[in-house]
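These numbers come from the heavy atoms of this one structure, side chains and all, not from hydrogens, waters or symmetry mates. Each chain gets a letter, A, B and so on, in the order its sequence line appears, and its residues count up from 1.
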There are 2 protein chains.
Amino acid sequence: MKTQPPSLTVGVFAAAAGVNVETIRFYQRKGLLREPGRAYGTIRRYGESDVARVKFVKSAQRLGFSLEEVAGLLAFEDGTRCDEARVAATQKLHDVRAKLDDLRRIEAVLAQLVDRCRARRGAITCPIIAALHAH
Amino acid sequence: MKTQPPSLTVGVFAAAAGVNVETIRFYQRKGLLREPGRAYGTIRRYGESDVARVKFVKSAQRLGFSLEEVAGLLAFEDGTRCDEARVAATQKLHDVRAKLDDLRRIEAVLAQLVDRCRARRGAITCPIIAALHAH
DNA sequence: CTTCGGTCCGTACCTAAGTACGGAGTCAAG
DNA sequence: CTTGACTCCGTACTTAGGTACGGACCGAAG
């Protein structure tokens, strides 16, 4: 596992992570991302792990985690003490599983809709709501 | 299936749906919720189906759907033409499945972390990022 | 050693999704 | 028929998550 030294400028870094430079700065202000020290000069350099981190933030966000929650997830990676991490991770695991259940329900209903629709049964009054109704 | 007539005032309705009154009005402005006509008087009445609808919106939101996307999902229920519905639903189905994949990945990593942590292997440098790294 | 794109930083602005406010109207109970 | 709680409506404010702006500075290329 070669951990190459930080070598990317913000511009390159941001592009690699698929966000814009301002977002990087924003995440730094929020404490989601370190501000690398700037050896030899006043310009900061970033590494691949930073890119991965930002990509992770974006993925988690798409799944409905707020930046604050993402910060919680990232804390595990950042070496919180084992006990705290376990408790927090267990909690998050519950959350995630609840989300999975909900999503699976939606998936089932959508799949069914598409299916019925394909079978051309005239007016399909799709019961998406009904399906979710069961909480 | 008894569809009782609208009989709830906004206040009761909002409480039943677990949101506040202003949110109801907001959803109406956004077209996510009908504004019931007000038979006999100037006060609006809502029914159980409205409650279900709002609850659905809230569920979908928790899963990372924006109100706009939720509106899209609800359009199926509201009887769009079959062809359009099928196309849109198919698209949504892809989205949902992508979300499911991501969530499952996170679930796996979290479960693994909790597990390892329970086994007390000292400092766990949890590779949440690495796991998500594979997109 | 100039030059010109990139960085740095503070501050201002933007959209989504609500929340709050205040005045006017309503309606059921006393 | 008055009161007090609730509704209605427009408008303004708030929070999260960014985006945009503009002046000063840096640093590699010519």
Side-chain angles (χ1 to χ4, degrees), chain A residues 5-47 50-51 53-75 95 99, chain B residues 5-47 50-51 53-75 95 99:
Chain A
S7 59
L8 316 171
T9 62
V10 271
V12 177
F13 169 33
V19 302
N20 81 37
V21 174
E22 311 297 332
T23 303
I24 299 299
R25 298 210 317 116
F26 177 70
Y27 285 179
Q28 289 173 333
R29 267 180 264 138
K30 290 281 166 181
L32 283 164
L33 201 61
R34 74 196 175 100
E35 294 199 33
R38 27 200 135 171
Y40 307 117
T42 178
I43 278 184
R44 299 196 242 262
R45 299 294 175 154
Y46 301 81
D50 296 310
V51 175
R53 194 175 174 99
V54 171
K55 280 187 176 170
F56 172 76
V57 171
K58 282 304 185 186
S59 304
Q61 255 186 324
R62 276 193 298 276
L63 298 172
F65 292 97
S66 69
L67 285 187
E68 205 177 324
E69 292 174 315
V70 175
L73 292 174
L74 284 169
D95 296 354
K99 269 177 202 274
Chain B
S7 59
L8 316 171
T9 63
V10 272
V12 177
F13 168 34
V19 303
N20 80 38
V21 174
E22 310 299 332
T23 303
I24 299 299
R25 299 210 316 118
F26 177 70
Y27 285 178
Q28 289 174 334
R29 264 180 265 139
K30 290 281 164 178
L32 283 163
L33 200 61
R34 73 194 178 101
E35 294 198 33
R38 30 199 135 170
Y40 306 117
T42 178
I43 277 184
R44 299 197 243 262
R45 300 292 175 158
Y46 300 83
D50 296 310
V51 175
R53 195 174 174 99
V54 171
K55 280 186 177 172
F56 171 76
V57 171
K58 282 305 184 184
S59 303
Q61 256 186 324
R62 276 194 297 279
L63 298 173
F65 292 97
S66 69
L67 285 187
E68 206 176 324
E69 290 175 314
V70 175
L73 292 174
L74 285 169
D95 296 355
K99 271 178 201 272

Expressed as a whole number of angstroms, how long is the span from [X]:[atom1] to [N]:[atom2]?
X: B:Leu8; N: C:dC27; atom1: CG; atom2: C1'; answer: 17 Å
X: A:Leu32; N: D:dA16; atom1: CG; atom2: C1'; answer: 12 Å
X: B:Arg45; N: D:dT7; atom1: CZ; atom2: P; answer: 9 Å
X: B:Phe13; N: D:dC8; atom1: CZ; atom2: P; answer: 12 Å
X: A:Leu33; N: D:dG17; atom1: CG; atom2: C1'; answer: 15 Å
X: A:Arg62; N: D:dG18; atom1: CZ; atom2: P; answer: 11 Å

**Request:** Working to the nearest 0.5 Å, report the span between NZ of A:Lys99 and CG of B:Leu63.
**Result:**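 CG of B:Leu63 is found 6.5 Å from NZ of A:Lys99.
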**Request:** Give a yes/no answer on whether the side chain of B:Gln61 brings an N or O atom under 4.0 Å of OP1 or OP2 in C:dG18.
**Result:**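 Checking B:Gln61 against C:dG18: at least one side-chain N or O falls below 4.0 Å of OP1 or OP2.
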**Request:** Answer yes or no: does a side-chain N or O of A:Lys58 lie under 4.0 Å from OP1 or OP2 of D:dG17?
**Result:**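 For D:dG17, OP1/OP2 do not have a side-chain N/O of A:Lys58 under 4.0 Å.
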**Distance-minimising heavy-atom pair for B:Ala60 and B:Val70** =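 The pair with the smallest heavy-atom distance is CB-CG2, 3.7 Å.
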**Asked** Can you name the side-chain hydrogen bond (donor to acceptor under 3.5 Å, both in side chains) partners of A:Arg25, sequence neighbours left out?
**Response**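 By the side-chain hydrogen bond (donor to acceptor under 3.5 Å, both in side chains) rule, A:Arg25 matches no residue at all.
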**Prompt:** Where along residues 19-30 of chain A does a heavy atom fall under 4.0 Å from DNA chain C?
**Reply:**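 Heavy-atom contacts with DNA chain C come from A:Arg25.
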Mind listing the N/O atom pairs, protein and nucleotides 4-6 of chain D, below 3.5 Å?
none

**Residue pair B:Tyr46, B:Val12: steps toward the side-chain contact (heavy atoms from CB on, under 4.5 Å) verdict** = CA-CA 9 Å; B:Tyr46 300 83; B:Val12 177; over 6 Å; no
**Prompt:** For A:Phe13, which of A:Val21, A:Leu8, A:Val19 qualifies under side chain to side chain contact (heavy atoms under 4.5 Å, CB included)?
**Reply:**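 When side chain to side chain contact (heavy atoms under 4.5 Å, CB included) is applied between A:Phe13 and each of A:Val21, A:Leu8, A:Val19, only A:Leu8 qualifies.
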**Message:** Just to verify, what does B:Glu35 make a side-chain contact (heavy atoms from CB on, under 4.5 Å) with, not counting sequence neighbours?
**Reply:**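 Expected list: B:Gln28, B:Arg44.
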**Prompt:** Taking only residues two or more places apart in sequence or in another chain, which ones pass side-chain contact (heavy atoms from CB on, under 4.5 Å) with A:Ala71?
**Reply:**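 Result, side-chain contact (heavy atoms from CB on, under 4.5 Å) vs A:Ala71: A:Leu32.
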**Request:** Scan residues 66-75 of chain A for pairs that pass salt bridge (charged side-chain N to carboxylate O under 4.0 Å, His left out), counting only residues two or more places apart or in two chains.
**Result:**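 Pairs touching residues 66-75 of chain A that pass the test: A:Glu69-A:Lys92.
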**Request:** Apply side-chain contact (heavy atoms from CB on, under 4.5 Å) to the pair A:Ile24 and A:Asp50, showing each step before the final yes or no.
**Result:** CA-CA 10 Å; A:Ile24 299 299; A:Asp50 296 310; over 6 Å; no
